[in-house]
Visitor: 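Pasting a structure below so you can have a look.
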Amino acid sequence: MATTTAQDAELAGALVQTMHVLQDLYAETSRPLGLTPQQAHLLCVLLGGPLGMTELSRILSIERSSLTSMVDRLERRDLVARIPNPTDRRACQIELTDPGLALANDAHIAFTTRIEDLTADLSPTARRTLTTTLTSIVTR
């Protein structure tokens, strides 16, 4: 069994604290837009284009039944639409409507502005190092 060093515990603690800070930022920036953090996240993910439910479930780390309920609520608000999947006629993809695109952009700008404020005092070298390190962690 591997032993946890003080350095490993410090890294784990820093990553957990970072996760909480980012979740709080999502909550703070989504609330004024009338969205839950999860809804804001979904809309921002869809800025990259339509996605299927399985892919969205994986990206958002939520069960398909929860995702279906969230998509239903956003569809009732005319923020997303279900469209036929071009490669699988039994499935659908979720895409932003025009109002959804506007709100997704607002959510994205609000969140990234807060991130910019949070990291404003980092040097260019520290920013590059942080970006490289986080990208390495996320892509594993």
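The structure displayed is predicted, hence computed values, not measured ones. Note: hydrogens, waters and symmetry copies are ignored here, and every other heavy atom, side chains too, is used.
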Visitor: To the nearest 0.5 angstrom, please state how far the OG atom of Ser30 sits from the CG atom of Asp106.
Guide: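 One gets 12.5 Å once the value is rounded to the nearest 0.5 Å.
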
Visitor: Check the pair Gln93, Arg82 against side chain to side chain contact (heavy atoms under 4.5 Å, CB included), reporting the backbone distance first and the verdict last.
Guide: CA-CA 6 Å; Gln93 291 187 315; Arg82 287 176 167 90; over 6 Å; no

Visitor: I need the minimum non-hydrogen distance between Val71 and Met53, along with the two atoms involved.
Guide: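 For Val71 versus Met53, the nearest heavy atoms are CG2-SD, 4.1 Å.
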
Visitor: I need the Ser57 OG to Glu55 CD distance, nearest 0.5 Å.
Guide: 9.5 Å

Visitor: Apply side chain to side chain contact (heavy atoms under 4.5 Å, CB included) to the pair Leu35 and Leu42, showing each step before the final yes or no.
Guide: CA-CA 10 Å; Leu35 298 168; Leu42 172 64; over 6 Å; no

Visitor: How close do Thr135 and Thr131 get, counting heavy atoms only, and between which atoms?
Guide: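 What the structure gives for the nearest pair is OG1-O, 2.7 Å.
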
Visitor: Kindly work out whether a path of hydrophobic side-chain contacts (I/L/V/M/F/W/Y, heavy atoms less than 4.5 Å apart) joins Leu47 to Leu67.
Guide: yes

Visitor: Out of curiosity, Leu103 CG to Gln39 CD, how far, rounded to the nearest 0.5 Å?
Guide: 9.5 Å

Visitor: Go through it in stages, so that I can follow the logic: the residues are Asn105 and Leu43, the test is side chain to side chain contact (heavy atoms under 4.5 Å, CB included), and I'd like the CA-CA distance, side-chain angles, deciding distance and then a yes or no.
Guide: CA-CA 9 Å; Asn105 280 317; Leu43 294 180; over 6 Å; no

Visitor: Once rounded to the nearest 0.5 Å, what's the spacing between atom OG of Ser123 and atom CG of Leu130?
Guide: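 Going from the OG atom of Ser123 to the CG atom of Leu130 covers 10.5 Å.
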
Visitor: Answer yes or no: is there a donor N or O on one side and an acceptor on the other, between the side chain of Thr29 and the main chain of Ala110, under 3.5 Å?
Guide: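 Looks like no, no N/O pair under 3.5 Å.
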
Visitor: Got a donor-acceptor contact below 3.5 angstrom from the Thr112 side chain to the Ile109 backbone?
Guide: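 Side chain of Thr112 to backbone of Ile109: a pair is present.
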
Visitor: Same cluster for Leu11 and Leu134 if Ile/Leu/Val/Met/Phe/Trp/Tyr side chains link at under 4.5 Å?
Guide: no

Visitor: May I ask you to say whether Asp121 pairs ionically with Arg127, meaning some side-chain N is under 4.0 Å from a carboxylate O?
Guide: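 Not counted as a salt bridge, because no side-chain N and carboxylate O are separated by less than 4.0 Å.
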
Visitor: Rounded to the nearest 0.5 Å, how far apart are CD of Glu10 and CG of Leu15?
Guide: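 With rounding to 0.5 Å, CD (Glu10) is 11.0 Å from CG (Leu15).
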
Visitor: Would you check, one step at a time, whether the test side chain to side chain contact (heavy atoms under 4.5 Å, CB included) holds for Asp98 with Asp78?
Guide: CA-CA 9 Å; Asp98 288 341; Asp78 191 36; over 6 Å; no

Visitor: Does a donor on one side chain sit under 3.5 Å from an acceptor on the other, for Ser69 and Asp72?
Guide: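 Side chains of Ser69 and Asp72: no pair found under 3.5 Å.
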
Visitor: When clusters are formed by joining ILVMFWY residues with side-chain heavy atoms under 4.5 Å apart, either directly or through shared neighbours, do Val45 and Leu22 land in the same one?
Guide: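 Val45 and Leu22: separate clusters.
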
Visitor: Of all the heavy-atom pairs spanning Cys44 and Ala104, show the shortest one and how long it is.
Guide: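 Smallest interatomic distance, heavy atoms only, reads SG-O, 3.9 Å.
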
Visitor: Does Gly100 offer a backbone N or O that forms a donor-acceptor pair with the side chain of Thr97 under 3.5 Å?
Guide: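 Side chain of Thr97 to backbone of Gly100, a donor-acceptor pair under 3.5 Å: yes, one is there.
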
Visitor: Taking atom CD of Glu95 and atom CG of Leu79, what is their separation to the nearest 0.5 Å?
Guide: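 Separation between the atoms: 12.5 Å.
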
Visitor: Can a donor-acceptor pair be found, under 3.5 Å and without considering hydrogens, that links the side chain of Ser136 to the backbone of Thr132?
Guide: no

Visitor: In terms of the angle between their ring planes, are His41 and Tyr26 parallel, tilted or perpendicular, with boundaries placed at 30° and 60°?
Guide: tilted

Visitor: Decide whether Leu60 and Phe111 are clustered together by the hydrophobic rule: side chain heavy atoms of Ile, Leu, Val, Met, Phe, Trp, Tyr closer than 4.5 Å, transitively.
Guide: no

Visitor: Leu51, Ile83: one ILVMFWY side-chain cluster at the under-4.5 Å cut-off?
Guide: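 Not linked; separate clusters.
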
